[in-house]
Amino acid sequence: MINTARLSSHYEIRALTDSDVDDILDLCQHNTLFYEYTEARPTREEILNDMRITPPGIGMSDKYFIGFFEGQELVAVMDLIDGYPKQENAYIGFFMMNQEYQGKTIGSAIIGETADYLREIGKTAIRLAIDKGNPQSAHFWKKNGFSVISEADVNGWPKLIAEKLLQRKNTNN
């Protein structure tokens, strides 16, 4: 079980619900580059579906569709899956920053703190899929320590499967 409150020391984190769909939609609609490289489209229906869909063999109790907030402002959205594709892994199904917060290292800080917490609870890797050809996504994930390990075809859309190994920090000096 993931304690989402521990994923960031700077932002309030809470589960996103149907009442947040308009805010999520607004955040997504301002990230037009992302949607040039994927079959997904920012619609209410797509967001509601994303909030409820899980990978094969994963129940809703292992899915965390969360928002990072600064006051009432939605800073980032993350879909985090515990125990996928293996029990010792976590999977980021979706991560998107509010455009006003991009380019300020905030997204990298969120991913860094998330990785630190997941390492602390015994996870050995984080996996995700990058839309092939998306320069912004590829740069962001590479900068944050993710390496492409394979390619996959998802309904005719090429994806790059990337992974960040969560090695134990050496506490000996």
Point to revise | Linked, directly or transitively: Met1 and Tyr91 (ILVMFWY side chains, under 4.5 Å) | key: no
Check your understanding: Mind checking whether Ile47 and Ile53 sit in one hydrophobic cluster, side chains of I, L, V, M, F, W, Y counted as touching below 4.5 Å?
Key -> no
Revision key, fill the gap. The side chain to side chain contact (heavy atoms under 4.5 Å, CB included) partners of His10 (sequence neighbours excluded) come to Ser8, Glu113
Review point. Which value, rounded to the nearest 0.5 Å, describes the distance between Arg119 atom CZ and Leu165 atom CG?
Key: 10.5 Å
**Study point:** Minimal non-hydrogen separation, Phe146 against Ile126, with atom names
**Key:** CE2-O, 3.5 Å
Check your understanding: What closest approach, in Å, do Met51 and Val21 show between heavy atoms, and which atom pair accounts for it?
Key -> SD-CG2, 4.0 Å
Point to revise | side chain to side chain donor-acceptor pair (under 3.5 Å) partners of Asn89, counting only residues at least two apart | key: none
**Study point:** Separation of Ile111 CD1 from Ile106 CD1 (nearest 0.5 Å)
**Key:** 13.0 Å
Review point. Same cluster for Val148 and Trp157 if Ile/Leu/Val/Met/Phe/Trp/Tyr side chains link at under 4.5 Å?
Key: no
Check your understanding: When clusters are formed by joining ILVMFWY residues with side-chain heavy atoms under 4.5 Å apart, either directly or through shared neighbours, do Ile110 and Ile81 land in the same one?
Key -> no
Report, one line per pair, each donor and acceptor closer than 3.5 Å where one atom sits in a side chain of residues 64-78; sequence neighbours left out.
from  : atom 1 : to     : atom 2 : distance (Å)
Tyr64 : OH     : Ile2   : N      : 3.1
Glu70 : OE1    : Tyr101 : OH     : 2.9
Glu73 : OE2    : Asn98  : ND2    : 3.0

Review point. Taking atom NZ of Lys143 as the centre, does the number of heavy atoms from other residues, nucleotides or ligands within less than 6.0 Å exceed 12?
Key: yes
Point to revise | N/O donor-acceptor pair under 3.5 Å between Lys159 side chain and Val154 backbone | key: no
Point to revise | Residues Asn31, Gln102; criterion side chain to side chain donor-acceptor pair (under 3.5 Å); working and verdict | key: CA-CA 10 Å; Asn31 281 279; Gln102 291 178 14; 2.4 Å; yes
Review point. Atom CZ in Phe94, atom CZ in Phe34: separation rounded to 0.5 Å?
Key: 5.0 Å
Point to revise | Single-linkage hydrophobic cluster Ile13~Ile24, side-chain heavy atoms < 4.5 angstrom | key: no
Revision key, fill the gap. Interatomic distance, CE@Met97 vs OG@Ser108, rounded to 0.5 Å, equals 9.0 Å
Check your understanding: What are the two closest non-hydrogen atoms of Arg52 and Lys63, and how far apart are they?
Key -> N-CE, 4.1 Å
Review point. How close do Leu25 and Pro42 get, heavy atom to heavy atom, and via which atoms?
Key: CD1-O, 3.1 Å
**Study point:** Asn134 side chain vs Ser137 backbone, donor-acceptor pair below 3.5 Å
**Key:** yes
Revision key, fill the gap. On a heavy-atom basis, the closest approach of Glu151 and Lys132 is OE1-NZ, 3.0 Å
Practice item. Measure the spacing between CG of Leu80 and CG of Leu7 and express it to the nearest 0.5 Å. Key: 6.5 Å
Exercise for review: Quick one: pull up CG in Asp82 and CD1 in Ile58 and give me the separation to the nearest 0.5 Å.
Suggested key: 8.0 Å
Point to revise | Shortest non-hydrogen separation from Ile161 to Ala129 and the atoms involved | key: CD1-CB, 4.0 Å
Point to revise | pair Phe95-Leu128: side-chain heavy atoms closer than 4.5 Å | key: no
Exercise for review: Flag the pair Asp18 / Leu48 as yes when at least one side-chain heavy-atom distance between them is below 4.5 Å, and no otherwise.
Suggested key: yes
Exercise for review: Verify, without hydrogens or angle tests, whether Lys164 (side chain) and Asn144 (backbone) share a donor-acceptor contact under 3.5 angstrom.
Suggested key: yes
Point to revise | side-chain contact (heavy atoms from CB on, under 4.5 Å) between Met96 and Cys28, intermediate numbers included | key: CA-CA 7 Å; Met96 187 172 283; Cys28 292; 3.9 Å; yes
Review point. Are the side chain of Tyr84 and the backbone N or O of Ile92 linked by a donor-acceptor pair below 3.5 Å?
Key: no
Practice item. Take Gln99 and Gln29 through the side-chain contact (heavy atoms from CB on, under 4.5 Å) test and state the conclusion after the steps. Key: CA-CA 10 Å; Gln99 194 174 34; Gln29 287 175 333; over 6 Å; no
Point to revise | Short side-chain to backbone donor-acceptor contact, Asp62 and Gly59, under 3.5 Å | key: no
Practice item. Show your working on side-chain contact (heavy atoms from CB on, under 4.5 Å) between Ile149 and Arg127 and close with a plain yes or no. Key: CA-CA 10 Å; Ile149 59 171; Arg127 283 203 183 166; 3.6 Å; yes
Check your understanding: Can you check side-chain contact (heavy atoms from CB on, under 4.5 Å) on Tyr117 and Asn3, steps first, answer last?
Key -> CA-CA 9 Å; Tyr117 170 70; Asn3 178 354; 3.4 Å; yes
